[in-house]
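Below, read A as the first sequence line, B as the second, and so on, with proteins coming before strands; counting in each chain starts at 1.
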Number of protein chains: 2
Amino acid sequence: MTNSPTPNELREVLASDTPSAKTKRDLIESALYHFGHEGYAGTSTRSIAQTAKANIASIAYHFDGKAGLKRACINFIAMSIGDVMSVVLNRKLSDIEHLSPEDARTKILEMIDRMITFTQTNKRAELVIGFMLKEVLHSPEEVDTLYHLIFEPLMDRVTVLFSRATGQPVASDELKLAIFAMIGQLLYIRLARPLVLKRMGWQAVGPDELAQIKSILHRSINALLDDLSKGSNHA
Amino acid sequence: MTNSPTPNELREVLASDTPSAKTKRDLIESALYHFGHEGYAGTSTRSIAQTAKANIASIAYHFDGKAGLKRACINFIAMSIGDVMSVVLNRKLSDIEHLSPEDARTKILEMIDRMITFTQTNKRAELVIGFMLKEVLHSPEEVDTLYHLIFEPLMDRVTVLFSRATGQPVASDELKLAIFAMIGQLLYIRLARPLVLKRMGWQAVGPDELAQIKSILHRSINALLDDLSKGSNHA
DNA sequence: GATTTTCAATCAAACGATTGATTGAAAAAA
DNA sequence: TTTTTTCAATCAATCGTTTGATTGAAAATC
């Protein structure tokens, strides 16, 4: 298995307990750490191997080189995001197409809650966000992978939820852009954590700080939904 | 002048028309381009020199090495942002402390407009944002530079504006976080442009697309301000 | 059951290429 | 002339990759 496995293939491979599976897991974990912190170009294959307690040659052996390991990381991330978002993604489209505005809004806020908790508290979230922003967004090919694997199916469902909650048509450009605005708030407040900590006078983001963040984003997104609902007839 | 000049010193240096000033300008311009696209570690001094049509050694001569050129880039960025934000920054704090809620809101939306236009249309905005995300946010020392030079004075004034517009006290944590949420929307929608274009079916962000982006962010931020104004007495 | 063969996996060592930095002389500017 | 700036050449260090040898357990053969 020298080629990049799909997220689902990757899940099976990494779940097994063969020696090679452990090596792969360790290498991906290590690569994610270093790529996220020092960037792809700034990371040496030697440091990846050292952190993973593996031999340098194992990178070429298992992933066909540094670039292949990067692709595996992207698929691993796609897998992780898929897990976090399963609440939304596992529902069939037809399942959420007839929710009441109130239920749709509840689902949206539920999802927001999950995303904030994940981005703010998960150890890997920082690495994942850092890695994607630093490396993935600037490579058209990898943007494609990310878009079709995660982004589009997720956004399709969120768009339906937004449509149900606001009464706007699903194809509305306004709706689509509003969702970007929503996600932007979530990600930026995690991304700019060094600035947030300094500005707020916080030492770290603990339960209290998490609650404050959730509170304001809750309000902001509720206000946005209210505004989008104006002048539209709820079914 | 081998050490990193402050933004103001930098402005004078770069404005002069001596040969060395031109070389410095070219090197910073080139470095910004490469750092923004390939990251600091991913950029070789040779490619910087080649793009700038300068000799490799001139980097060491003028900036004391690659790291010094990076510092100069940060200061150059601070200078640029300072220019864009001058509408807000150049006002004394005492000058905006007594604005009416309506005037304050107008000022906020004016500022938003400027920021969106800059981030979405300025050639250098992509490089600046990419550079800061990739390199600056992960270096405590450079976060400090950025924070004290640009972020804090800017945020102080925006916070006062928000306070005047909503009736909330300036020291309010909610207000501070709300501003992060606002900025997050602006930056993310530029940052994730590859995803935005794909999602919206756009070829590029021209005048029409810019207007759409402004419209939705306008609505979102207005809604946020409305919500923050609830239950507070406007002076 | 005992022996041999096969093969995925790991290892230390070395490869050529490229990195940032440095040098001292030539060129340009003052 | 004196100082500043540019240049090609060179440096040690590090880069990602490749190599050939070695391991240990499964598969095949006897």
Rounded to whole angstroms, how far apart are [atom1] on [X] and [atom2] on [N]?
| X | N | atom1 | atom2 | value |
| --- | --- | --- | --- | --- |
| A:K22 | C:dA8 | NZ | C1' | 18 Å |
| A:I48 | D:dT14 | CD1 | C1' | 15 Å |
| B:K53 | D:dC7 | NZ | C1' | 17 Å |
| B:F63 | D:dT4 | CZ | P | 17 Å |
| A:E38 | D:dG16 | CD | P | 12 Å |
| B:Q50 | C:dT18 | CD | P | 13 Å |
| B:H34 | C:dG20 | NE2 | C1' | 16 Å |
| B:D26 | D:dT6 | CG | C1' | 14 Å |

Short side-chain N/O contact to D:dT4 OP1/OP2 from B:H62, under 4.0 Å:
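No, B:H62 has no side-chain N/O under 4.0 Å of OP1/OP2 on D:dT4.
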Check whether any side-chain nitrogen or oxygen of A:S58 sits under 4.0 Å from OP1 or OP2 of C:dC11, and answer yes or no.
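For A:S58, the contact criterion (side-chain N or O under 4.0 Å from OP1 or OP2 of C:dC11) is not met.
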Assess the side chains of B:T23 and B:H62: does a donor N or O sit below 3.5 Å from an acceptor N or O?
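Checked: B:T23/B:H62 side chains show no N/O donor-acceptor pair below 3.5 Å.
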Regarding B:K53 and B:S30, is there a side-chain donor-to-acceptor distance under 3.5 Å anywhere?
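Short answer, no.
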With sequence neighbours left out, which residue pairs that include part of residues 179-204 of chain A fulfil the ring pair (Phe, Tyr, Trp, His ring centres under 6.0 Å) condition?
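Sorted pair list: A:F151-A:F180.
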Report which part of the nucleic acid A:T43 touches: base, sugar-phosphate, or nothing (heavy-atom distance under 4.0 Å, all strands).
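Sugar-phosphate, backbone atoms only, no base.
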Quick one: ring pair (Phe, Tyr, Trp, His ring centres under 6.0 Å) partners of A:F118, sequence neighbours excluded?
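By the ring pair (Phe, Tyr, Trp, His ring centres under 6.0 Å) rule, A:F118 matches no residue at all.
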For residues 28-43 of chain B, which residue pairs pass the salt bridge (charged side-chain N to carboxylate O under 4.0 Å, His left out) check, not counting sequence neighbours?
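Found B:E29-B:R124.
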The helix from C:dG1-D:dC30 to C:dA30-D:dT1: angle between its terminal axes, five pairs each, to 10°?
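Answer for the end axes of this duplex: 20°.
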Test side chain to side chain contact (heavy atoms under 4.5 Å, CB included) applied to A:D144 and A:E142, A:H148, A:E141, the passing residue:
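The single option meeting the side chain to side chain contact (heavy atoms under 4.5 Å, CB included) with A:D144 is A:H148.
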What residues, two or more places apart in sequence or in another chain, satisfy side-chain hydrogen bond (donor to acceptor under 3.5 Å, both in side chains) together with A:R193?
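Partners of A:R193 by the side-chain hydrogen bond (donor to acceptor under 3.5 Å, both in side chains) criterion, ordered by chain and then number, come out as A:Q120.
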Minimum heavy-atom separation for A:T43 to A:K66, with atom names?
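Shortest heavy-atom separation between A:T43 and A:K66 comes out as O-NZ, 2.8 Å.
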Please report the C-alpha distance between B:D156 and A:R199 in whole Å, then the side-chain angles of each, then the deciding distance to 0.1 Å, and finally whether the salt bridge (charged side-chain N to carboxylate O under 4.0 Å, His left out) criterion is met.
CA-CA 10 Å; B:D156 280 346; A:R199 182 66 185 165; 2.9 Å; yes
All N/O pairs under 3.5 Å across the protein-nucleotides 17-25 of chain D interface:
from	atom 1	to	atom 2	distance (Å)
D:dT17	OP2	A:K66	N	3.0

